[in-house]
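The analysis underlying the following values was restricted to heavy atoms, covering all of them including side chains, and did not include hydrogens, waters or symmetry mates. Computed from a prediction, not measured in an experiment: that's the story for all the values here.
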Amino acid sequence: MLRHRFQPGRLVAGVFLIVAGVVYAGDAGGLWEAPWFVLIPLVVGGLCTAGAVGVVARAADRRR
């Protein structure tokens with residue numbers, strides 16, 4: 001049994017932040033070269049997408 005509601009916005013935000021961490025770690029470890037400005041659109045885009053998903057999920061919950 002679930003102890004709390006499923007919040008897909010937080011899941012999307014977490015996935016984007018994990019991807020940003022992997023990009024940063026790969027650059028720091030020397031696996032690839034990533035310019036410094038790559039992470040800014042990745043994080044901001046992920047947070048905006050997570051916000052949109054959260055709004056849609058809340059609207060769907062209210063309809064039920």
Side-chain angles (χ1 to χ4, degrees):
M1 180 161 84
L2 294 175
R3 295 184 180 200
H4 56 83
R5 289 186 356 212
F6 176 65
Q7 296 176 340
R10 289 186 180 191
L11 176 67
V12 171
V15 167
F16 273 94
L17 291 175
I18 287 172
V19 169
V22 167
V23 169
Y24 181 74
D27 186 33
L31 296 175
W32 55 75
E33 285 287 323
W36 64 269
F37 54 84
V38 169
L39 292 179
I40 295 171
L42 185 63
V43 171
V44 171
L47 291 177
C48 290
T49 304
V53 168
V55 167
V56 169
R58 183 168 296 216
D61 276 347
R62 287 188 180 173
R63 294 195 107 197
R64 282 198 228 163

If you group Ile, Leu, Val, Met, Phe, Trp and Tyr by side-chain heavy-atom gaps below 4.5 Å, do Val53 and Val43 land in one group? no
With Leu31 via side-chain contact (heavy atoms from CB on, under 4.5 Å) - residues at least two apart: none
Could you grab the distance from atom CZ of Arg10 to atom CG of Leu17, nearest 0.5 Å is fine? 12.5 Å
Quick check: closest heavy atoms across Ala13 and Leu47, and the distance to 0.1 Å? CB-CD2, 4.4 Å
About how many Å separate OG1 of Thr49 and CZ of Phe16, when rounded to the nearest 0.5 Å? 4.5 Å
Between Val12 and Val19, is there a shared hydrophobic cluster once you connect ILVMFWY residues whose side-chain heavy atoms come closer than 4.5 Å? yes
Identify the heavy atoms of Glu33 and Asp27 that sit nearest to each other, and give their distance. CA-OD1, 3.7 Å
Among residues at least two apart in sequence or on other chains, which ones pass side-chain contact (heavy atoms from CB on, under 4.5 Å) with Val56? none
Any chain of hydrophobic side-chain contacts (each under 4.5 Å) joining Ile40 to Val23? no
What pairs with Ala57 under side-chain contact (heavy atoms from CB on, under 4.5 Å), at least two apart in sequence or on another chain? Pro8
Does Trp32 CH2 have over 12 foreign heavy atoms under 6.0 Å away? yes
